[in-house]
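Excluded from the calculations below are hydrogen atoms, water molecules and symmetry mates; all remaining heavy atoms, backbone and side chain alike, are included.
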Amino acid sequence: MYEKREVQGDCNTCNNFVYDEEDEEYYCEMEMDEDDYVRLVTGHYKACPYYQSNDEYRIVRHQM
């Protein structure tokens, strides 16, 4: 079985979701091709395959 994780589609908690001061907007900085983008937007993925948690203490809590 796989480990159930947090909702991995929440861009607000992803390390790849960065603020661009010039445009004053947040963007996903992952380099994805057009096909991956379409799959992500149309809901083909249940969770974002590029999600990276910005929770620095996640590993530490796991080890406790």
Item checked: Residues in side chain to side chain donor-acceptor pair (under 3.5 Å) contact with Tyr45, at least two apart in sequence or another chain ->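 Expected list: Asp36.
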Margin query: Tell me the closest heavy-atom pair linking Pro49 and Leu40, and the distance in Å.
Written below: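 Closest approach of Pro49 to Leu40: CD-CD1, 4.2 Å.
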Next item on the list: Not counting sequence neighbours, list each pair that qualifies as a salt bridge (charged side-chain N to carboxylate O under 4.0 Å, His left out) and has a residue in residues 23-34.
Entry: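 Residue pairs with at least one partner in residues 23-34: there are none.
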Check: Taking Asp20 for the side chain and Tyr26 for the main chain, is one N or O donor matched with an acceptor at less than 3.5 Å?
Finding: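 Flag not set: sc Asp20 to bb Tyr26 has no pair under 3.5 Å.
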Note to self: Could you work out, with ring-ring contact (aromatic ring centres under 6.0 Å, His included) as the rule, every residue matching Tyr50, not counting sequence neighbours?
What the structure shows: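 For Tyr50 there are no ring-ring contact (aromatic ring centres under 6.0 Å, His included) partners, ignoring immediate neighbours.
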Margin query: Tell me whether Tyr37 at atom OH has more than 12 heavy atoms from other residues, nucleotides or ligands lying less than 6.0 Å away.
Written below: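 No, OH of Tyr37 has 12 or fewer neighbouring heavy atoms, counting only those of other groups under 6.0 Å.
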Margin query: Please determine whether residues Val41 and Met32 belong to a single hydrophobic cluster, defined as Ile, Leu, Val, Met, Phe, Trp and Tyr linked transitively by side-chain heavy-atom distances below 4.5 Å.
Written below: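 Yes: a chain of side-chain contacts under 4.5 Å links Val41 to Met32.
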